[in-house]
Asker: 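Handing you a structure now.
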Amino acid sequence: MTAVAACAKSGKQGQQPRLRADALRNRERIIAAARETMVEFGAEVPLDEIARRAGVGNATLYRHFADRLELIHHVTLSVMSRTADRAESALAEESDAFQALRRFVHAAVEERIGALCPLLSDGIDRDHPDLLAARERLEAAVEAVMGAARDSGQLRTDIAVGDLMVAITQLTRPLPGSSCLNFDQFVHRHLQLFLDGLQAPARSELPGVAATLDDLRRRS
C-alpha cells in the first residue's frame with residue numbers, strides 16, 4: 001500500500017522539538033477524544049466534533065495533526081502502546097498467570113482495542129515503521145501473557161495471539177452510530193464467558209489452526 005504524506009511526516013516526529021507540557025496535554029486529549037468518537041461514530045467522524053470533545057479549538061487540532069490520516073495514525077499508535085502497557089503490567093503484577101490474562105483482556109476493552117480494525121483501512125500505511133514497531137511490541141506482550149497462562153496449564157493450547165485479539169475485537173466493537181446505548185454493560189459479562197472457554201482442559205476441538213497477528217495481516 002502506498003505510504004501517505006501524513007504518515008511519512010509522522011515518521012520524522014523524533015526530529016521535532018519536544019512539546020511544552022500544555023501542548024502535550026492538548027495532544028493527548030485530542031488523541032483520546034478521537035479514539036472515543038471514532039469508536040462511537042466511525043473513522044469519518046467530523047474533526048470539529050473531535051476538537052469539541054477534547055476541549056480544544058479546531059486550530060489547536062490542526063497544529064498537532066495536519067489531516068484525518070495523520071490523526072488516525074497516532075490514535076492507532078496510542079491504542080497499541082497503551083494496550084501493550086496493560087499486558088506488561090498484568091503479567092508483572094499478578095501472581096496467577098490466568099488471572100493476568102483475565103486482567104489484560106478486560107483492560108484491552110478499556111483501551112478500545114476494537115477500534116483498530118476499522119481505523120486501519122484505505123489510505124493508512126500499515127507498514128509504517130512506527131506501526132510495525134508498535135504491533136511487534138503488542139504481539140510480544142500479549143504472547144508473554146498467554147505463554148505464562150499456557151505454561152501454568154490453565155490456558156488451552158490450541159489458540160494464539162491472533163485468535164485472542166480477533167475475539168476481543170468482535171466482542172467489544174459495536175457498530176458505529178449504533179443506537180445500542182447500553183452496549184458497554186454487556187461487554188465485560190461476555191468477555192468473562194469467553195475467558196471461561198479459554199481455560200484448560202479444553203471442552204471441544206477447534207476447527208482450523210491457531211492464528212498469529214502476522215497471519216491476520218497476510219489474510220487481510
Asker: Within the distance-only criterion (no hydrogens, no angle test), does the side chain of R68 pair as donor or acceptor with the backbone N or O of A43 below 3.5 angstrom?
Answerer: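 Such a contact is found between R68 side chain and A43 backbone.
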Asker: Answer whether the closest heavy-atom distance between the side chains of R82 and R35 falls below 4.5 Å.
Answerer: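 SC-SC contact between R82 and R35 confirmed.
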Asker: According to side-chain hydrogen bond (donor to acceptor under 3.5 Å, both in side chains), who are the partners of Q199, at least two apart in sequence or on a separate chain?
Answerer: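 Once residues adjacent in sequence are excluded, the partners of Q199 under the side-chain hydrogen bond (donor to acceptor under 3.5 Å, both in side chains) criterion are R102.
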Asker: I would like to know whether Q154 and D96 meet side chain to side chain contact (heavy atoms under 4.5 Å, CB included); could you show each step before the answer?
Answerer: CA-CA 10 Å; Q154 298 180 79; D96 181 271; 3.7 Å; yes
Asker: Check whether any side-chain N or O of T37 sits under 3.5 Å from a backbone N or O of A34 as a donor-acceptor pair, and report yes or no.
Answerer: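 Answer holds: yes.
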Asker: Do R150 and E143 sit within salt-bridge range, that is, some charged N less than 4.0 Å from a carboxylate O?
Answerer: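 A salt bridge is present here (some side-chain N lies under 4.0 Å from a carboxylate O).
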Asker: R103 versus V145: any side-chain heavy-atom pair under 4.5 Å?
Answerer: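 Counting from C-beta outward, R103 and V145 never come under 4.5 Å.
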Asker: Do the side chains of R53 and E36 get close enough for a salt bridge, i.e. N-O under 4.0 angstrom?
Answerer: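 So R53 does not pair with E36 through a salt bridge.
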Asker: Quick one: are E111 and D85 in side-chain contact, heavy atoms under 4.5 Å?
Answerer: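 E111 does not reach D85 side chain to side chain.
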Asker: Run the salt-bridge test on E88 and R137 with the 4.0 Å N-O cut-off and return the result as yes or no.
Answerer: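 Salt bridge present between E88 and R137.
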Asker: Is there a donor-acceptor pair under 3.5 Å between the side chain of S78 and the backbone N or O of H74?
Answerer: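 Such a contact is absent between S78 side chain and H74 backbone.
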Asker: Report yes if some heavy atom in the side chain of R63 is under 4.5 Å from a heavy atom in the side chain of N26; otherwise report no.
Answerer: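 No; the side chains remain at least 4.5 Å from each other.
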Asker: If we only count heavy atoms from C-beta on, is the F65 to I31 side-chain gap below 4.5 Å?
Answerer: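 Of all side-chain heavy-atom pairs linking I31 with F65, at least one is under 4.5 Å.
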Asker: Would the distance check show the side chain of T60 and the main-chain N or O of V56 forming a donor-acceptor pair, the cut-off being under 3.5 Å?
Answerer: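 Answer holds: no.
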Asker: Can you give me the closest heavy-atom contact between E70 and H64, atom names plus distance?
Answerer: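 Heavy atoms of E70 and H64 come nearest at OE2-O, 3.9 Å.
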Asker: So do the side chains of L47 and I50 get within less than 4.5 Å of each other, counting heavy atoms only?
Answerer: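 The answer is yes, as the side chains (C-beta and beyond) meet within the 4.5 Å cut-off.
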Asker: Are the side chains of L155 and M146 in contact, using a 4.5 Å heavy-atom criterion?
Answerer: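 Yes, their side chains come closer than 4.5 Å.
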Asker: Got a donor-acceptor contact below 3.5 angstrom from the R52 side chain to the N58 backbone?
Answerer: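 Between the backbone of N58 and the side chain of R52 there is no qualifying donor-acceptor contact (under 3.5 Å).
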Asker: Under a 4.0 Å threshold between the charged nitrogen and the carboxylate oxygen, would R86 count as salt-bridged to E110?
Answerer: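 Here E110 does not pair with R86 in a salt bridge, since their nearest N and O are not under 4.0 Å apart.
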Asker: How about V105 and L164: do any of their side-chain heavy atoms sit closer than 4.5 Å?
Answerer: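 They are in side-chain contact.
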Asker: Please give me the minimum heavy-atom distance between S204 and D158, naming the atom from each residue.
Answerer: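 It is O-OD2, 4.5 Å.
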Asker: Okay, side chain of T83, backbone of V79: is any donor-acceptor separation there less than 3.5 Å?
Answerer: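 Checking the backbone N and O of V79 against the side chain of T83, a donor-acceptor pair under 3.5 Å is found.
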Asker: Would you confirm whether D163, through its side chain, and A160, through its main-chain N or O, come within 3.5 Å as a donor-acceptor pair?
Answerer: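 Checking the backbone N and O of A160 against the side chain of D163, a donor-acceptor pair under 3.5 Å is found.
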Asker: Can you tell me how far the CG atom of L195 sits from the CZ atom of F104, to the nearest 0.5 Å?
Answerer: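 That separation rounds to 10.5 Å.
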